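Right, one structure below, let's go through it.
We're numbering straight along the sequence, starting at 1. Keep in mind the model is a prediction, meaning the values are calculated, not measured.
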Amino acid sequence: ASDVYKRQVEARIVRAGRFEDYLRRLEEGLRRGPVVLVGPKGVGKSTLAIYALWELLREGGFYGVVKIEELTDVNARLGLENFLKAYERDFADAFGRLIILYDPSPAAAYTVYGVETETGSTVANTVEQLARLAWLGGLSMIVVVPSDVYNALGDEIKNLLGRYRLDVDLSGEEYIGKLLEEYSGCALAEEAKREIVKKILQFREGYALIARLAGEELRRSGCRAKGIEELLEEAEGDALAFIVHYVNKLLTVSYTHLRA
């Protein structure tokens, strides 16, 4: 399933650390063809992809985005190929090119380690079909692939994708600190901010997502650092555990307000 869209996207973008370099390389790659963003879950790949799309659509030369939900068999891929060829032949010169986007991360960001899920299999099959589609040539395409999914792909598919691969990891202290500030709105003392950033970077993955959630929790708590530090410590470096603790705290707060 896929859909074509061209719409406004509102998002908070922090252009700090290595973000600018990744953005430049992604946009240059898309003007030539496909780019495969590979990296741990929750480190900023999706944000980078969306911002690059926004800039390219704003600058002109591109008309819109074909967003792929899944593409798990040859017939679906051939159908998409026919659509893209027809668009390129009949409309691209008048309206601009299309960009293909596949990003399974929001829907399948956190799964149990070592357990193959139906979602994981769907992602792998879709990535395989897109890898074969990339060989049409001239297609601008972003494929966002978590590292564990990429590493589990067969050698043939990794060879097809290797020339388009861009490894992304926005886990630098400057970037995480700026994310924390953006989502919290708090003017934290440098020592307090540094301590929170240090705890976030101890996680195995999900740094950007955790920084965003930590910032939102700081905003809700009136910029009191102690509560978010305790949440980060309780998770013990496990991103999924942090999200569970974070959601539980939200539900507890909401229930308390309802009773009051």
Side-chain angles (χ1 to χ4, degrees), residues 1-14 18-19 22-23 25-31 33-58 62-72 76-77 80 83-84 97-111 117-134 139-153 157-158 160-161 164-171 179 205-213 239-240 243:
S2 64
D3 54 287
V4 182
Y5 65 91
K6 183 178 182 181
R7 63 187 179 191
Q8 291 182 331
V9 177
E10 182 177 348
R12 292 173 177 168
I13 303 295
V14 173
R18 289 172 287 181
F19 189 90
Y22 284 134
L23 181 64
R25 293 165 65 188
L26 175 54
E27 290 181 358
E28 288 176 355
L30 284 172
R31 290 189 179 95
V35 179
V36 181
L37 300 181
V38 180
K41 298 165 185 170
V43 297
K45 300 186 301 299
S46 297
T47 300
L48 179 66
I50 290 298
Y51 192 74
L53 290 173
W54 178 77
E55 284 214 333
L56 289 172
L57 291 172
R58 183 185 62 170
F62 291 94
Y63 174 70
V65 178
V66 180
K67 186 176 185 297
I68 305 298
E69 299 297 339
E70 62 178 53
L71 195 73
T72 56
R77 172 169 56 84
L80 180 58
F83 164 75
L84 293 170
R97 298 164 60 192
L98 295 175
I99 305 175
I100 301 166
L101 170 66
Y102 178 61
D103 182 3
S105 301
Y110 294 95
T111 56
T117 65
E118 182 179 350
T119 300
S121 176
T122 298
V123 171
N125 289 338
T126 298
V127 170
E128 177 178 350
Q129 295 302 324
L130 289 172
R132 301 189 186 285
L133 184 66
L139 291 178
S140 295
M141 174 165 44
I142 303 178
V143 181
V144 180
V145 188
S147 297
D148 56 345
V149 174
Y150 187 89
N151 292 336
L153 295 172
I157 301 305
K158 281 194 278 193
L160 289 174
L161 295 176
Y164 310 119
R165 176 173 174 170
L166 175 58
D167 290 285
V168 176
D169 188 352
L170 291 163
S171 61
L179 269 180
E205 60 184 7
Y207 323 108
L209 176 60
I210 292 168
R212 172 181 174 175
L213 297 179
L240 179 58
I243 292 173

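With sequence neighbours left out, R31 forms a side-chain hydrogen bond (donor to acceptor under 3.5 Å, both in side chains) with E59. Every residue meeting the side-chain hydrogen bond (donor to acceptor under 3.5 Å, both in side chains) condition with R77, not counting sequence neighbours, appears here in chain and number order: E81, Q129. Looking at residues two or more places apart in sequence or on another chain, you find a side-chain contact (heavy atoms from CB on, under 4.5 Å) between R212 and Y183, E216. Looking at residues two or more places apart in sequence or on another chain, you find a side-chain contact (heavy atoms from CB on, under 4.5 Å) between Y164 and P34, V36, A134. Partners of R97 by salt bridge (charged side-chain N to carboxylate O under 4.0 Å, His left out), not counting sequence neighbours: none found. R25 pairs by the salt bridge (charged side-chain N to carboxylate O under 4.0 Å, His left out) definition with D21, not counting sequence neighbours.
Between L53 and I99, some side-chain heavy-atom pair lies under the 4.5 Å cut-off. Contact annotation: the side chain of L160 approaches that of R132 to within less than 4.5 Å [non-hydrogen atoms, C-beta and beyond]. Taking 4.5 Å as the limit, every side-chain heavy atom of L26 sits out of range of all side-chain heavy atoms of Y51. Between L98 and Y63, the closest side-chain pair of non-hydrogen atoms falls below 4.5 Å. Side-chain atoms of K41 and L209, non-hydrogen and from C-beta on, never get closer than 4.5 Å to each other. Using a 4.5 Å heavy-atom threshold, the side chains of D167 and Y150 count as separate. Using a 4.5 Å cut-off on side-chain heavy atoms (C-beta onward), V65 and L57 make contact. Taking the side chain as every heavy atom from C-beta outward, I68 and L101 never approach each other to under 4.5 Å.
Contact between V168 and V43 at its shortest, heavy atoms only, is O-CG2, 3.7 Å. Considering all non-hydrogen atoms of both residues, P104 and V144 come closest at CD-O, 3.1 Å. Of all non-hydrogen atoms in K45 and V38, the two that sit nearest each other are CD-C, 3.8 Å. Residues L161 and L153 approach most closely at CD1-CD1, 4.0 Å, considering heavy atoms. The two atoms that bring V127 and Y102 nearest to each other are CG2-CE2, 4.0 Å, heavy atoms only.
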Pair L37-V145, side-chain contact (heavy atoms from CB on, under 4.5 Å): steps then yes or no: CA-CA 6 Å; L37 300 181; V145 188; over 6 Å; no

Chi angles and distances behind the side-chain contact (heavy atoms from CB on, under 4.5 Å) call for L179, Y207: CA-CA 10 Å; L179 269 180; Y207 323 108; over 6 Å; no

Test log, rule side-chain contact (heavy atoms from CB on, under 4.5 Å), inputs V143 and D103: CA-CA 6 Å; V143 181; D103 182 3; over 6 Å; no

Chi angles and distances behind the side-chain contact (heavy atoms from CB on, under 4.5 Å) call for L56, L30: CA-CA 9 Å; L56 289 172; L30 284 172; 3.6 Å; yes

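One distance of note links CG of L23 with CD of E28; it measures 10.0 Å at 0.5 Å rounding. With values rounded to the nearest 0.5 angstrom, L48 atom CG is found 7.5 Å from L166 atom CG.
Side-chain atoms of T72 do not come within 3.5 Å of backbone N or O of T126 as any donor-acceptor pair. Under the 3.5 Å distance criterion, the side-chain polar atoms of S147 are matched with a main-chain donor or acceptor of G39. Under the 3.5 Å distance criterion, the side-chain polar atoms of Y22 are matched with a main-chain donor or acceptor of D169.
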